[in-house]
J.: 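The structure's right below; bear with me while I get my questions together.
To find a chain, count down the sequence lines: A is the first, B the second, and so on, and within it residues start at 1.
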Amino acid sequence: MVINTENLTFDFGKQTVVKSLSLKVPEGSIYGFLGPNGAGKTTTIKLLLNLLQIQEGNIHIFGQELHSNRLSILSQIGSLIEQPAIYLHLTGKENLLNRALLLQVSAKRVDEMLELVHLTNAANKKAGQYSLGMKQRLGIALALLADPKLLLLDEPTNGLDPNGIIEVRELLIKLVNEHKKTVFISSHLLAEVERMATHVGIINYGELLFQGSIKDLEGMSKPSVQIETDNTADTANFLTRNNITVSDVNDHHIYVPYTSKQQMGEINALLNRSGYPVYSINKQHKDLEKLFLDITQKA
Amino acid sequence: MPLLLCLLVFAGFYSKSAQLANEPGVMLWIQFSGAILGVMGSLLLPMLIVFIGYSVNSIEHKADTWKSLFSLPIAKLSIYSAKFLYALFLVFLCLALFVVFTVSFGTLLGEIKPELKFHDYSIAGTLTQLYFKLFLSSLGILAIQFLLSLLFRDFLKPMGIGFVATITGVILAANNWQYAYLFPYSHPMLALRSLPNHKQQTPANGMPTITVDLFTKEILVSLIVAVVIFTAGYFIVLKKSVK
């Protein structure tokens, strides 16, 4: 486990922001840390970086206790928290050079990073004139500068256009696959994380509601058969009369819990035989987005 | 800023050169540098320190970089002390510039208006000592202002506290309050105050020497305050959560 927390709890005054959180982030994973705004994601990341003092519980990163091994752990972490922290009066390149100086990284690496996040052309422009997406990319470059083993990214795709989001996603997948990094990425958008994450943790009101691999999450959603037909209400009644459970009906589709392929064929044949037109029939996983909402709203 | 102030005094002296022509070189220098020192010691130096303390920290507040700075593999002590040393260096630089400009403008005046006898006396050594004393006396304020600026994001709090304390310091020092030496914001003024007592010792050769007593008690208090606040500040930084 790269990150292992036990019973992590944090209060801001009377408000408990993080409740007995036990994160398990395996090595070489992209861990999507999901939750609505204000769920405690940023607080958790700040705790992981030792920016906030641990009040209860403990954190182990790379198998070492965080507080007593702060420097050796931090030297292997690159982070991006909320809006990227950039000196606006310096150019993008100067920002990187400045950080390179602090981290004792060669200046050559700065150019590589600029290249990587496609900022080479804007390298000598003041960071204050950067667009939100460019700032975000510069922030990612800063996080990657020291070639860390673990990346902690807090909503890194905030403010990026679709193209930028895809680029970041591909970059992260590449880092994990080719360079054996571990990425811990927080987001309030499941759709964004779902395409790259190998593991997911879902947090709301400071509590971890789900943790596991993305397959486990998908497993939680039972597939259903979606039938598109002309008169959904009549068709649904007909199916019910034939002892087939209908889970949901709307103006265009009928949903029936999926059991097997044979069942799907039988339903299709039954409807056709009885004169109900079937425009389409297919197996469907419950939308992860919906599942995410279910999980976060249940609590 | 040192340049501006020296220029002003330079201009003043230039225009009044006729009246000053009869003064001996020493008195000219004392008046010349005294005019600069007076403004400097009482009001400008503390305000300058407030501003330096603020600007060194505000750059991180503004760019919101405290969090990334503290998540780098750098000891908190290094970050804290590097910042402090830089502020210290800025104060030192500013005071050193004052010395340089005072001396060079004085000399320049002597060149332009030969009737002013600036050449008769060299004040550089004394002035250096004096400004060094001023520097030492400002350390206490610097440590306090530095910590305030580190803790508060905005300019108004450290500025307001610094301003009120400076005024109080000036009043205390001006009223010769017995315990003024315990109050850091009075130190620069006190540091200069102890001077006149030494000024008029006229030795046999007729050239008065000005001795600067470096380690007076306000300097010691200033140093102690600086060390204590600096250490306390480190522990505050250590415990403080970065939001």
Side-chain angles (χ1 to χ4, degrees), chain A residues 10-13 17 42-43 45-55 61 66-67 69-90 94-95 98-105 126-128 135 138-139 142-143 145-146 148-154, chain B residues 1 50-90 93-94 146-155 157-159 231-243:
Chain A
F10 191 85
D11 308 306
F12 273 129
V17 190
T42 302
T43 306
I45 290 189
K46 285 185 174 174
L47 282 166
L48 291 176
L49 285 168
N50 199 234
L51 288 176
L52 298 172
Q53 301 290 324
I54 299 169
Q55 291 169 344
I61 296 182
L66 178 63
H67 194 71
N69 300 292
R70 182 174 168 266
L71 291 184
S72 77
I73 289 174
L74 286 184
S75 63
Q76 303 171 66
I77 299 183
S79 62
L80 171 65
I81 314 158
E82 294 173 315
Q83 311 86 7
I86 292 168
Y87 298 110
L88 299 178
H89 62 288
L90 300 177
E94 282 165 345
N95 266 291
N98 180 5
R99 180 68 62 85
L101 201 69
L102 283 174
L103 294 171
Q104 290 157 0
V105 176
K126 290 254 184 292
K135 284 182 190 164
L138 182 59
L142 284 167
L145 190 62
K149 274 201 244 165
L150 169 64
L151 273 174
L152 293 181
L153 304 174
D154 191 11
Chain B
M1 199 189 67
V50 169
F51 190 71
I52 288 177
Y54 164 75
S55 54
V56 167
N57 288 312
S58 82
I59 187 170
E60 309 297 344
H61 283 312
K62 262 197 206 128
D64 213 1
T65 35
W66 283 118
K67 58 189 185 194
S68 61
L69 214 50
F70 282 117
S71 61
L72 297 178
I74 299 172
K76 286 182 178 176
L77 179 63
S78 315
I79 297 174
Y80 177 63
S81 51
K83 284 256 162 215
F84 186 77
L85 283 179
Y86 185 61
L88 205 65
F89 166 74
L90 285 180
L93 181 72
C94 182
F146 180 79
L147 188 60
L148 285 176
S149 309
L150 194 104
L151 296 180
F152 298 118
R153 224 191 142 79
D154 57 327
F155 181 51
K157 276 178 207 143
M159 170 74 189
T231 319
Y234 172 62
F235 284 104
I236 292 174
V237 169
L238 211 58
K239 291 282 161 220
K240 198 182 167 242
S241 291
V242 183
K243 302 235 166 66

J.: State, to 0.1 Å, how close B:Glu60 and A:Tyr87 come at their nearest heavy-atom pair, and which atoms those are.
T.: OE1-OH, 2.6 Å

J.: Return the CD1 to CD distance between B:Ile74 and A:Gln104, rounded to the nearest 0.5 Å.
T.: 8.0 Å

J.: So which part of B:Leu69 gets closer than 4.5 Å to some heavy atom of chain A, the side chain, the backbone, both or neither?
T.: side chain

J.: Compare every heavy atom of B:Thr65 with every heavy atom of A:Ala85, then report the nearest pair and how far apart it is.
T.: CB-CG2, 3.3 Å

J.: Go through A:Ile86, A:Leu88, A:Asn50 and name the one with the most non-hydrogen pairs under 4.5 angstrom from chain B.
T.: A:Ile86

J.: In Å and rounded to the nearest 0.5 Å, what is the OG to CG distance from B:Ser68 to A:Leu49?
T.: 10.0 Å

J.: CG of A:Leu74 to CZ of B:Phe70: how many Å apart, nearest 0.5 Å?
T.: 11.5 Å

J.: For the residue pair A:Leu51 and B:Lys67, what are the closest heavy atoms and their distance?
T.: CD2-O, 3.4 Å

J.: Check whether more than 12 heavy atoms from other residues, nucleotides or ligands sit under 6.0 Å from atom OH of B:Tyr80, and answer yes or no.
T.: yes

J.: Quick check on A:Ile81 against chain B: is it the side chain, the backbone, both or neither that has a heavy atom closer than 4.5 Å?
T.: both

J.: Below 4.5 Å from any heavy atom of chain A, which atoms of B:Ile79 appear? Answer side chain, backbone, both or neither.
T.: neither

J.: In this structure, are over 12 heavy atoms from other groups packed under 6.0 Å from A:His67 atom NE2?
T.: no

J.: Within the structure provided, determine whether A:Arg99 and B:Leu72 are in side-chain contact (heavy-atom separation under 4.5 Å).
T.: yes

J.: Could you tell me which portion of A:Leu80 (side chain, backbone, both or neither) has an atom closer than 4.5 angstrom to a non-hydrogen atom of chain B?
T.: neither

J.: To the nearest 0.5 Å, what is the distance between OG (B:Ser71) and CD1 (A:Ile45)?
T.: 11.0 Å

